[in-house]
There are 4 protein chains.
Amino acid sequence: MIIVMKRDATGEMVQHAAEKVEKLGLKAHVIQGTERTVIAAIGDKREEMRESFETVAGVSKVVPILAPYKVASREVKPEPTLVKAGSLEVGNGKCGVIAGPCSVESEDQIVQTARSVKAAGATALRGGAFKPRTSPYSFQGLKEEGLKMLATAREETGLAIVTEVVASEDVALVAKYADVLQIGARNMQNYRLLEEVGRVDRAVLLKRGPSATIDELLLAAEYILNEGNSRVMLCERGIRTFESHTRFTLPLATVTYLHQKTHLPVVIDPSHGTGHASLVPDMCVASVAIKADGIIVEVHPEPDEAMSDGYQSLDLPSFTETMTRCRAVANAVGIQCGADV
Amino acid sequence: MIIVMKRDATGEMVQHAAEKVEKLGLKAHVIQGTERTVIAAIGDKREEMRESFETVAGVSKVVPILAPYKVASREVKPEPTLVKAGSLEVGNGKCGVIAGPCSVESEDQIVQTARSVKAAGATALRGGAFKPRTSPYSFQGLKEEGLKMLATAREETGLAIVTEVVASEDVALVAKYADVLQIGARNMQNYRLLEEVGRVDRAVLLKRGPSATIDELLLAAEYILNEGNSRVMLCERGIRTFESHTRFTLPLATVTYLHQKTHLPVVIDPSHGTGHASLVPDMCVASVAIKADGIIVEVHPEPDEAMSDGYQSLDLPSFTETMTRCRAVANAVGIQCGADV
Amino acid sequence: MIIVMKRDATGEMVQHAAEKVEKLGLKAHVIQGTERTVIAAIGDKREEMRESFETVAGVSKVVPILAPYKVASREVKPEPTLVKAGSLEVGNGKCGVIAGPCSVESEDQIVQTARSVKAAGATALRGGAFKPRTSPYSFQGLKEEGLKMLATAREETGLAIVTEVVASEDVALVAKYADVLQIGARNMQNYRLLEEVGRVDRAVLLKRGPSATIDELLLAAEYILNEGNSRVMLCERGIRTFESHTRFTLPLATVTYLHQKTHLPVVIDPSHGTGHASLVPDMCVASVAIKADGIIVEVHPEPDEAMSDGYQSLDLPSFTETMTRCRAVANAVGIQCGADV
Amino acid sequence: MIIVMKRDATGEMVQHAAEKVEKLGLKAHVIQGTERTVIAAIGDKREEMRESFETVAGVSKVVPILAPYKVASREVKPEPTLVKAGSLEVGNGKCGVIAGPCSVESEDQIVQTARSVKAAGATALRGGAFKPRTSPYSFQGLKEEGLKMLATAREETGLAIVTEVVASEDVALVAKYADVLQIGARNMQNYRLLEEVGRVDRAVLLKRGPSATIDELLLAAEYILNEGNSRVMLCERGIRTFESHTRFTLPLATVTYLHQKTHLPVVIDPSHGTGHASLVPDMCVASVAIKADGIIVEVHPEPDEAMSDGYQSLDLPSFTETMTRCRAVANAVGIQCGADV
């Protein structure tokens, strides 16, 4: 890290800060600029001690040099990771397509949807059984009953199941039925939960929190990787900004940036990322155009009647048409998007 | 709610939407404007069904009229709530002062700090035993050992203990030692945890998530209130914005706005809200000037040596001086800030 | 508009507000809900008087029903507008490609770049002669000398010239040399300038301000349209958010949303939208995939030596490769991107 | 500045970058870390060349060490600047109070308001004659006629006049009538206008743009200072964030932070900063508590009838009461707020 001294820092202050660097086992390299003195601290592995310099007398600011994440870093593992979970393949030129309703509402609904999205080219089925809802008065999901319906849908179609787990104590239960455990945006920094999904043999879809930085997202992934689970998919689902014509703002450059920084695959969620069904198809197509490793799309046979998120769900004809557009673009850019139909 | 139809919505679409309103047990009131037709849906209690109208044919947008929270609303309970927890009083003209280190590091450290902050006028001691950290490689707290040290500090000083709980399975343990359970910003929407603290006989300090709206904060409070725990304090700790000269942006108008909307008391956290020790004293003083119901301040005997958050911690002389300034302003505006010294 | 009364508003307050509505020439329609009374004000054309109701006794909030813009609205003119300016065509299935350096630095530089970007498929040349710079100590452009170099480049290549105008008093001068007048993001609400470019016979590229809402952008366009100039192109160049790994956050859903709301064409600026050359090619491709009406890309023969914005400029081989990718995707989605090569 | 090389940068790349540093007249200091090589570039005055390193082969990022502003810096002039303009004093322990309507509407209105705000303790009168409005269909101000009415109000009351100028060609005209030229938030980066007000003998109130960083604000101030006008007041008027319960988010820590970085005085605008009259008084009081150098408050005799901004304007009794509260707090913190009454 680089420690920038204040303009009026005395020689003693510089010496004190340099000694603190050495006491931490690093090498201090003092550089006299024309207006400021800076100290380069060499040898630090992760720069966690950075914060402890910010209050040292005479210090103006401290600048980190290294990224704070390790295992997720492309510098550590340059080749992209392909995550497999049943019928779903995500990464390294495979753009997985996860589709289905926000909530599992009935066996009929989920099985019918599974068949339809499969016919359109989806490679996994999404559906919420445990629903974290902003209001305690909203529908909270069918819980284990819903998980069983998802398992039935898998039996009927062969599609891998992606479903959310909201608490560490539920991980074993959800893992019994699901192929992919989804960590929702609200839980991106629920570290107990991250550690728990890090210990089971299920792939994990980790959603970015709406105000999380990329470093925070990658550090959340490290909590999972660190426990031994290497099948981690990152998911961009939109960030909170001043924009109000969309529910969140979907920054697609995240795909490109993450591909430079990490070997983990990146999935886009245009349903939450825009919050309006009419904006979802274009964002699917754009994701495929830049070789996102997957898309996760809310699809409901009757969005008007959905128990949650109907306003951002595609109906089946729209999803089918979107997939046709996506395949055309995938072809043009040389990747595989979903299953051939 | 108000359902705004599209400009080109047909009479049939309007009728269909109106029928859907009636089917939900509400009364539909159709108004023909010069350019648009709108439907007022009357009788809805909580407007949760709002979302289900956004995809109905011909609907342009749906506008909620009622606030989504109930129990927390000032309309339901006009008089302000005073939360008491041991030595701490927060609300209704009492500005509680919660001070202490980010992390409990040793018995010496916490007891010494407790004595000093009490001498300066604090009415409760904060200190983290379970620390949620962005990086898995950072210090995660002393856990139960830390809780015991906090209990010792309470014995020595009489100060109420405020400490964070990060998982529902830890609630009983933390409640054994603490007077106030803190829900951190990362966990504001960890609903399982909210429900669990709603069921124990401990006051709760609920921090606003860095990108949570005020409605989301109040709905999170409803999760707790709904379980029967009425001792809920809201805490503004800064929001995530484009500003980078502070770690978060601290919107003090939250105090005034929440005082209009809810009877729950509002505490300001200027340490996280600014992220720089040099900005903390002014934000304490400003909070008192607008009659915030409490402040929670990171104080460490040696910020340079702190195991976490040293850069935003006041040392003891600065805290003492800040309290002197706060008392002068509290006097001027007619409230009580902390304990007399 | 809909005027929502407070829960405790008296009958008199309701009557007073309704009378105020009538006094403004609108029809007041009072609706008694179970918890609130609302007043629908019918007949208002543009809802500008909305604000004047917010302080009326008993009023809780006022909800607009109509969009504030008129001439730009798709409701007024459903078919998309195609803007032509010399060699540049933008809109209605034509994705114009505007490329060139941030600043015009010399005749050699601009002519060489013009030739190269034309060879790669660009249909217009960009280049700044008047440069608004954050710091007064930065290079401010070659002014008229730069405009002349641009004109020379047009003579040599036939490419239309797109260049920024920063003050109303410069409009006539810049219009003498340029085919398209660019209004920069900093000047999106410089209304005097907007009015002035509304009065000349030149196409206008209007950039969205980094914190402007879509309504504000369309209202800025109305200032130009209103003066009689209908050749307006809107440009998304990224918004300011908490993200720091990109200079701005580029919300591509703007294209889709604007296509629903306005007939004006939408151009994407991925250079400013990301601030990093390595993210630009993917954002170009994604823009084409969703049928943006144009892209504007910073290209410099030697980005290392550029006098401004080198870090976000493509070099010539990268631009050529990007265009190849864009054409493949344009083909797949059925639009024309730039010129055939 | 510090140039951080990529992990895999070759020795040649390091040498090339170092040579580029030397070519620019700086001294390059190469430091081999355990994982990265960094180059400290010594001798740079303003670091403008920083950007030109970001695309050099092998460079990962470039970190500035010095602030980009000079004349505004507290390092250059440590003692705070007191700006005087007629009856208005702002800075160095004097909290000026600028009050009045958003728009000048009539001579009666402005003179009556001037008398009332003066009686309540205001030390200057605000009022818009040239109004930049988001919509071309909104009231745009009375222009010179309005300026004359302001001058009349000054004759009647002795209050200094603060009014906005929106275009460089209007500066001379506005300066003829006004004591303080206000640069609105939309024009913070209208550099031609900044330069023009830098050349006249009038104090300037420079408002922060809603998405401007502090560095950008100070660089905008430099444009004015640089032309020789040293009477510059900075004004925080709220930033654009995701919050929607206030029109903008008002970050009061700006006062404290700016007091550390610059000698220029800092004025708070709680009317625009919150956008709701009911939040304004508290924000005034909080500003005084942290020794802001001034407040600028919208006051209208009949907010319901105001031609603009009525929803955020205080009526006269509320303003008078707010001033009473402000004086009490000013007393407690040892500054002078407005005039004694």
Side-chain angles (χ1 to χ4, degrees), chain A residues 67 208-218 236 238-261 268 270 273-292 324-334, chain C residues 67 208-218 236 238-261 268 270 273-292 324-334:
Chain A
R208 180 183 182 185
S211 64
T213 63
I214 295 295
D215 275 9
E216 288 168 350
L217 172 61
L218 288 170
E236 171 63 79
I239 59 171
R240 201 150 242 178
T241 73
F242 69 87
E243 290 201 309
S244 59
H245 67 284
T246 45
R247 259 165 230 251
F248 293 90
T249 292
L250 185 64
L252 287 181
T254 303
V255 173
T256 314
Y257 184 78
L258 279 173
H259 279 172
Q260 291 169 5
K261 295 296 171 187
I268 292 291
T274 64
H276 294 288
S278 69
L279 302 175
V280 169
D282 271 8
M283 291 303 100
C284 291
V285 173
S287 303
V288 172
I290 58 172
K291 304 186 188 181
T324 303
R325 293 175 58 197
C326 285
R327 271 189 303 267
V329 168
N331 240 0
V333 304
Chain C
R208 179 184 183 184
S211 64
T213 63
I214 295 296
D215 275 9
E216 288 168 348
L217 171 61
L218 288 170
E236 170 65 79
I239 59 172
R240 201 151 242 179
T241 73
F242 69 86
E243 291 201 309
S244 58
H245 67 285
T246 44
R247 259 166 229 250
F248 293 92
T249 292
L250 185 65
L252 286 181
T254 303
V255 174
T256 313
Y257 183 79
L258 279 173
H259 279 172
Q260 292 169 6
K261 297 294 170 191
I268 293 291
T274 63
H276 293 288
S278 69
L279 302 175
V280 169
D282 271 9
M283 292 302 100
C284 290
V285 173
S287 302
V288 171
I290 59 172
K291 304 184 187 181
T324 303
R325 292 176 57 198
C326 285
R327 273 190 301 267
V329 169
N331 238 1
V333 303

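All heavy atoms count here, side chains included; hydrogens, waters and symmetry mates do not. Convention: sequence-line order gives letters A, B, ...; per-chain numbering from 1.
The closest side-chain donor-acceptor pair between Thr241(C) and Thr241(A), if any, does not fall under 3.5 angstrom. With hydrogens and angles left out, the side-chain atoms of Glu243(C) and Thr213(A) include no donor and acceptor closer than 3.5 Å.
Contacts between Ser278(C) and chain A at a heavy-atom distance below 4.5 Å involve backbone atoms as well as side-chain atoms. Using a 4.5 Å cut-off between heavy atoms, Tyr257(C) touches chain A through backbone and side chain atoms alike. Residue Val285(C) touches chain A through both its backbone and its side chain, counting heavy-atom pairs closer than 4.5 Å.
The shortest distance between side-chain heavy atoms of Arg247(C) and Thr274(C) does not fall below 4.5 Å.
In terms of heavy-atom pairs under 4.5 angstrom with chain C, the leader among Pro281(A), Gly238(A), Ala253(A), Ala328(A) is Ala253(A). In terms of non-hydrogen atom pairs under 4.5 Å with chain C, the most contact-rich of His245(A), Gln260(A), His276(A) is His245(A). Here Met283(C) is the residue among Lys291(C), Met283(C), Arg325(C) with the most heavy-atom pairs under 4.5 Å with chain A. Residue with the most contacts toward chain C among Ile214(A), Thr254(A), Ile239(A): Ile239(A) (heavy-atom pairs, distance under 4.5 Å). Ranked by non-hydrogen atom pairs under 4.5 Å with chain A, the options Gly273(C), Ala289(C), Ser211(C), Ala212(C) are led by Ser211(C). Chain C forms the most heavy-atom pairs under 4.5 Å with one residue out of Lys261(A), Arg208(A), Arg240(A), and that residue is Arg208(A).
Scanning all heavy atoms of the two residues, the minimum distance from Ile268(A) to Ala292(A) falls at CG1-CB, 4.2 Å.
The only option from Asp282(C), Leu279(C), Leu252(C) that meets the side chain to side chain contact (heavy atoms under 4.5 Å, CB included) definition with Ile290(A) turns out to be Asp282(C).
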Requested in this report: Using the side chain to side chain contact (heavy atoms under 4.5 Å, CB included) rule, take Val280(A) and Cys284(A) through it: C-alpha gap first, then chi angles, then the decisive distance, then the call.
Outcome: CA-CA 6 Å; Val280(A) 169; Cys284(A) 291; 4.0 Å; yes

